[in-house]
Amino acid sequence: MNEIAFGYKFTSHLYGTVNLYDIRIKDPIVYRYDYENDEEHYFNDSKTGSSGLELELKTLYRRWTAAVSYSYYNAARHNEASIYHVVLPTGQISSVMKGASAHIVHFTGNYSINNRYSVNSAITWYSKRYGFITLLNEQVAAKPNCVADVTLNVQEFLLENLHASISVLNLLNASYGYVQPLGTNGFAEAPIPGKLLELLIKIGYRF
């Protein structure tokens, strides 16, 4: 594994980082499911890995903070584990691996309204992911999706040491699933359903 990171302080409130990596794994232990015989197998493949980068900008102020990051990977040079290959309609092997987005953008933010109330938010965008999702003999792409969550935190809720939070998960009510890298030619593997639009209330007391 090779990795190098850089950081730069643009101002007293704005920071940036760049991370470059190259990961190679020899003789990886790979899981395979035999659909015909309903059996599980583990074996050592030749090698796998990926190269990529991660970028992040972060700003810090007294009452609010925010950060946005971008990540990208390319597995063309290192991944020889065929079970993870994405075969395009042209017959070419893609630079991505089954079930994994090549591009991810993530945003987090926090705003303190006052000493009692604060708001947290998180938004993540995923690029398309490939797999044997609906077709038995052809890998297809799941559409890109964006998931957003927002939380209101309340300190000293009714009582001095009682705290509460109200969260709205999947605020955009995005319809998505987690593509599994298990399907093989002749067998489709439906994505694991993602979270629905959900309201979550938490109450805690500090003794």
Side-chain angles (χ1 to χ4, degrees), residues 5 7 9-19 21 31 50 52-73 96-131 133-134 140-183 188-207:
K9 184 178 181 180
F10 297 96
T11 69
S12 59
H13 300 287
L14 183 63
Y15 309 84
T17 58
V18 178
N19 183 45
Y21 65 87
Y31 170 84
S50 64
L53 61 86
E54 297 171 339
L55 310 174
E56 184 180 39
L57 279 176
K58 182 182 295 185
T59 182
L60 303 172
Y61 285 87
R62 184 177 64 85
R63 296 185 62 176
W64 66 275
T65 64
V68 60
S69 64
Y70 166 75
S71 62
Y72 166 78
Y73 81 92
V96 302
M97 291 191 281
K98 281 195 302 185
S101 299
H103 307 272
I104 298 176
V105 179
H106 182 63
F107 168 84
T108 58
N110 174 271
Y111 179 71
S112 297
I113 302 172
N114 53 39
N115 292 334
R116 293 187 58 201
Y117 298 93
S118 64
V119 178
N120 300 332
S121 61
I123 303 173
T124 307
W125 178 85
Y126 301 90
S127 64
K128 58 186 177 181
R129 288 161 287 178
Y130 290 88
I133 303 170
T134 56
V140 296
K143 294 180 180 180
N145 66 278
C146 183
V147 181
D149 302 328
V150 62
T151 299
L152 172 65
N153 302 290
V154 183
Q155 305 293 327
E156 298 182 1
F157 177 67
L158 300 179
L159 299 175
E160 181 178 358
N161 293 323
L162 191 65
H163 312 289
S165 66
I166 301 176
S167 302
V168 181
L169 307 180
N170 193 10
L171 179 64
L172 304 177
N173 198 25
S175 176
Y176 69 100
Y178 298 99
V179 177
Q180 302 182 69
L182 303 179
E189 191 74 28
I192 298 174
K195 59 187 177 184
L196 302 175
L197 175 63
E198 181 180 359
L199 179 66
L200 181 63
I201 300 175
K202 292 182 179 180
I203 297 177
Y205 184 84
R206 184 177 66 246
F207 292 93

Test side chain to side chain contact (heavy atoms under 4.5 Å, CB included) on Trp125 and Phe107 and set out the steps.
-> CA-CA 9 Å; Trp125 178 85; Phe107 168 84; over 6 Å; no

Check against side chain to side chain contact (heavy atoms under 4.5 Å, CB included), Val168 and Leu197 = CA-CA 7 Å; Val168 181; Leu197 175 63; 3.9 Å; yes

Can you list the steps and then say if Ile104 with Thr124 is a side chain to side chain contact (heavy atoms under 4.5 Å, CB included)?
-> CA-CA 7 Å; Ile104 298 176; Thr124 307; 3.9 Å; yes

Chi angles and distances behind the side chain to side chain contact (heavy atoms under 4.5 Å, CB included) call for Tyr111, Ser121 = CA-CA 9 Å; Tyr111 179 71; Ser121 61; over 6 Å; no

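Side-chain atoms of Ile203 and Leu162, non-hydrogen and from C-beta on, do get closer than 4.5 Å to each other. Inter-residue side-chain proximity for Val147 and Lys195 is flagged as met; some heavy-atom pair is nearer than 4.5 Å. In this structure, the side chains of Ile192 and Gln180 come closer than 4.5 Å at one or more pairs of heavy atoms.
Considering all non-hydrogen atoms of both residues, Glu156 and His163 come closest at N-ND1, 3.5 Å. The two residues Asn114 and Arg116 come nearest to each other via the heavy atoms OD1-N, 2.8 Å. When every heavy atom of Ser127 is checked against every heavy atom of Ala102, the shortest pair comes out as OG-N, 3.3 Å. Counting all heavy atoms, side chain and backbone alike, Cys146 lies closest to Ala174 at O-CB, 3.3 Å. Residues Tyr15 and Leu60 share a closest heavy-atom pair of CE1-CD1, 3.8 Å. In this structure, Ile133 and Val140 approach most closely via the heavy-atom pair CD1-O, 3.7 Å.
Side chain of Thr59 to backbone of His13: a donor-acceptor contact under 3.5 angstrom is found. In this structure a side-chain-to-backbone donor-acceptor pair under 3.5 Å is present from Arg63 to Ile113.
Residues satisfying the salt bridge (Lys or Arg N to Asp or Glu O under 4.0 Å) criterion with Lys143, sequence neighbours excluded, are absent altogether. The side-chain contact (heavy atoms from CB on, under 4.5 Å) check on Ala190 picks up nothing, with sequence neighbours excluded.
Using a 30° and 60° split on the angle between ring planes, Tyr176 and Tyr178 fall in the perpendicular class, above 60°. Classified by interplanar angle (parallel below 30°, tilted 30° to 60°, perpendicular above 60°), the ring pair Tyr70/Tyr72 is parallel.
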